[in-house]
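Structure record follows, encoded as structure tokens.
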Amino acid sequence: MPPSTDRPGPAGAPGGEDTPLALDDPAYREAVVELLGAIAYGEISAFERLAEDAKLAPRLEDKVAVAGKAAAEFTRVAPLHERITALGADPFAAMAPFREPIELFHEHTAPADWYEGLVKAFVGDGLADDFYREIAAFLDTDTRDLVLASVEETGHAAFVVDRVRAAIAADPRLGGRLALWGRRLMGEALTQAQRVAAERDALSSLLAGGADVPGLDLAAIGRMFTRLTERHTERMAELGLES
């Protein structure tokens, strides 16, 4: 079956119905390849980080839960690579530009202990997933479905919330430290996202739109980041932390 040639406009955009799109549009194809490359490397990096976090687990049950989350992240890489290949690009070349910013984020936010690792997995990964869901509104149907499947919740969130809330109940001072940690994660994630947007013209063009493709103006971009911030606040509250 050939790929879909419709491209939805952003929710609430003028003429929010699907608008025609040809996947042979070079600018759009390049943008999609870059987006999928970013998500794919993010999944690989998440797998590596979670595998390391599992070593910090205080109980065997916790180790297995985090290792299971790591395995789930890795299984999402192959479909992304297949889609990149179908678009005529090299998956490893597509991932390469995102290796440095993603690794910088992890370098600057290395958890000091088990609980910081849990919060990072919940808050940091959640923020990235929310951003990709926002971008998905600008994609053709097939790519959009793949992106949404790649950021679908695996059930790990309930585990993190349970462990973090129980730890704060046992030691209320932990809550203050983890709240500060959550703010740091948010700030560092935004810094790296802005860097990528500034350096990757094709990727940022997905949000900006073009002559025949609806995009976001400055006000709409502001609303998008407001939604991302609000969801971050909700996640922190789920953990029993202040944002």
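If you read the sequence from its start, that first residue is 1, and numbering goes on from there. Just so it is clear, the structure is predicted and the values come from calculations on it, not from any experiment. All values below come from the heavy atoms of this structure, side chains included, with hydrogens, waters and symmetry mates left out.
Nearest approach of Glu116 to Ala110, heavy atoms of both residues: OE1-O, 4.4 Å. Considering all non-hydrogen atoms of both residues, Leu241 and Ala179 come closest at CD2-N, 4.1 Å. Closest non-hydrogen pair, Leu50 versus Ala121, comes out as CD2-CB, 4.1 Å. What you find for Asp62 and Trp114 is that their closest heavy atoms are CB-CZ2, 3.6 Å. Among all heavy-atom pairs drawn from Pro111 and Gly117, the shortest one is CB-N, 3.4 Å.
Under the 4.0 Å criterion applied to side-chain N and carboxylate O atoms, Arg184 and Glu188 are not assigned as salt-bridge partners. The pair Arg49-Asp125 meets the salt-bridge criterion, since a charged nitrogen lies less than 4.0 angstrom from a carboxylate oxygen. Using a 4.0 Å cut-off between charged nitrogen and carboxylate oxygen, Glu234 and Arg231 count as a salt-bridge pair. Contact check on Arg235 versus Glu238 returns no salt bridge, with no Lys/Arg side-chain nitrogen under 4.0 Å from an Asp/Glu carboxylate oxygen.
Not one N or O on the side chain of Thr143 forms a donor-acceptor pair closer than 3.5 Å with the backbone of Asp140. The main-chain N or O of Glu152 is found under 3.5 Å from a side-chain atom of Arg76 such that the two form a donor-acceptor pair.
The ring of His81 has its center closer than 6.0 angstrom to the ring center of Phe92.
Between Phe47 and Phe74, the ring-plane angle classifies as tilted under the 30° and 60° cut-offs.
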Before you tell me yes or no, could you show the steps for Leu228 and Arg133 under side chain to side chain contact (heavy atoms under 4.5 Å, CB included), namely the whole-Å CA-CA distance, both residues' side-chain angles and the distance that decides it to 0.1 Å?
CA-CA 10 Å; Leu228 293 175; Arg133 289 188 188 98; over 6 Å; no
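Using a 4.5 Å heavy-atom cutoff, the side chains of Met236 and Glu242 are not in contact.
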